[in-house]
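Below you'll find the structure, written out as structure tokens, and then a few comments.
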Amino acid sequence: MKSNASLFLFLFLLFCVGCDQTKQQETDMNLDYCVAQATKTMEMVTDHTRMPNSIDAGSTEWHFTRPGSWTSGFWPGILWYLYEYTGDATWKSEAEKFTALIIPSATGPARSHDVGFLSYCSIGNGYRLTNDPNYKQALLQAADSVSVLYKPQVGTFLSWPNMVKRMGWKHNTIIDNMMNMELLFWAAKNGGDQRLYEMAYKHAETTMKNHFRPDGSCYHVIVYDDQTGEFIKGVTHQGYADHTMWARGQAWAIYGFIMAYRETGDIRFWQTAQKATDIYLQRLPDDYVPYWDFDAPQIPNESRDASAAAIVASALLEMSVLAENKEESKAYRTAANKMLDSLSSVHYQSREVNTAFLLHCTGHRPNGYEIDASIIYADYYYIEALLRQKKLNEGKSIYK
Ligand code: GLY
């Protein structure tokens with residue numbers, strides 16, 4: 001009897017090891033797929049002063065973007081992740097070349113909050129992997145430069161200076177802006193002005209208070225009075241309507257607040273991320289990839305947004321690490337793995353269709369562009385999530 005039980009336990013453990021190995025092989029296969037697709041994209045890049053940005057549905061041709069645009073840091077960021085995965089010096093040298101293009105716009109005057117996206121994904125990953133002091137200097141300058149957009153009377157950053165006049169949005173803060181607090185937290189920890197930490201903390205706190213509806217879904221834009229800090233209204237720019245849940249906005253909220261919790265330890269930020277995640281998971285379709293807006297009127301005949309799925313998958317892997325409760329940790333990791341399984345399926349991977357990693361993203365539906373497209377930031381967060389998945393499978397830290 002006893003020996004039967006031991007045999008059963010032995011076979012069960014063998015089965016578990018086998019499952020872990022299979023999971024790791026799948027993650028590696030998906031990362032190898034990213035390497036193969038990016039290799040093909042590199043062959044298509046003839047102008048080395050612009051970055052691959054998006055591919056329209058039905059096309060195989062990349063649209064490129066100039067250094068300084070909000071999406072320009074994602075391609076260099078992908079190259080750094082490819083270098084991290086492969087250890088191949090060719091990817092490092094490509095990453096260095098494209099990152100060098102970003103430095104002037106990262107360190108020049110900030111025209112919007114997007115300095116955070118464009119510098120932290122490119123130069124930030126470069127610094128993490130190389131410790132190059134020039135990268136450190138550039139990141140510190142980028143953080144100082146973006147800090148001029150902070151408005152103490154409101155307690156948030158002005159996201160879009162160009163919308164002040166154009167839309168009459170005196171002081172506007174978008175949920176995406178949470179993502180860029182990571183650069184400020186980093187700078188404050190790495191020799192920058194300590195006020196950067198205070199600004200980022202206050203921005204997160206004000207956003208937590210004003211951006212969320214009682215059910216945990218968030219507005220895209222909050223318009224504040226620029227002198228009194230009074231909340232004027234919550235509106236959308238890229239979602240379906242002011243009151244709806246724009247998928248990528250919700251993804252930025254989840255990712256942004258779990259990062260803010262990691263950096264501050266403020267439990268309210270964890271709770272905010274958790275509530276934003278709950279409603280997101282409850283309302284997802286069966287394949288774990290949202291429609292571009294959860295309240296778009298023609299669902300299921302609406303385009304998906306695989307970029308939101310990739311951002312949330314990466315964020316939930318971090319939540320699985322930071323969760324104190326084991327059950328919660330497991331639930332977040334399971335949900336993230338399901339998202340990555342779906343994104344890695346024949347339906348969402350680009351494979352022979354084009355040379356991006358993923359299909360079926362929506363960039364700006366109300367303005368009618370990048371609908372059902374491949375978009376560079378979806379690829380960036382997909383490979384980031386796969387690397388996090390690999391590190392977790394191997395029992396390593398996701399942060400190194
Ligand atoms: N940050 C702009 C967007 O998510 O489309």
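In listed order, ligands and their atoms are each counted from 1. Fair warning: this is a prediction, and the values are worked out from it, not measured in the lab.
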Pairs touching residues 275-294 that satisfy salt bridge (charged side-chain N to carboxylate O under 4.0 Å, His left out), sequence neighbours left out: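 Residue pairs with at least one partner in residues 275-294: R283-D295, D287-R304.
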Could you pull out every protein residue that has a heavy atom closer than 4.0 Å to ligand 1, ordered by chain and then number?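 Residue list for ligand 1: W70, D176, Q238, W246, R248, W252.
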Can you run down the side-chain hydrogen bond (donor to acceptor under 3.5 Å, both in side chains) pairs that involve residues 106-117, sequence neighbours left out, and say none if there aren't any?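 Counting only pairs at least two positions apart or across chains, the side-chain hydrogen bond (donor to acceptor under 3.5 Å, both in side chains) contacts touching residues 106-117 are S112-D114, H113-N180.
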May I ask you to decide if the ring planes of W246 and H220 are parallel, tilted or perpendicular, using 30° and 60° as cut-offs?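 Geometry flag for H220 against W246: tilted rings.
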Do S54 and W62 make a side-chain contact, defined as non-hydrogen atoms from C-beta onward lying under 4.5 Å apart?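 They are not in side-chain contact.
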Go through the structure and list residues passing side-chain contact (heavy atoms from CB on, under 4.5 Å) with A204, not counting sequence neighbours.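 For A204, the residues satisfying side-chain contact (heavy atoms from CB on, under 4.5 Å) (neighbours in sequence not counted) are M178, F257, A260, F269.
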Is there a donor-acceptor contact under 3.5 Å linking the side chains of N210 and Y219? no
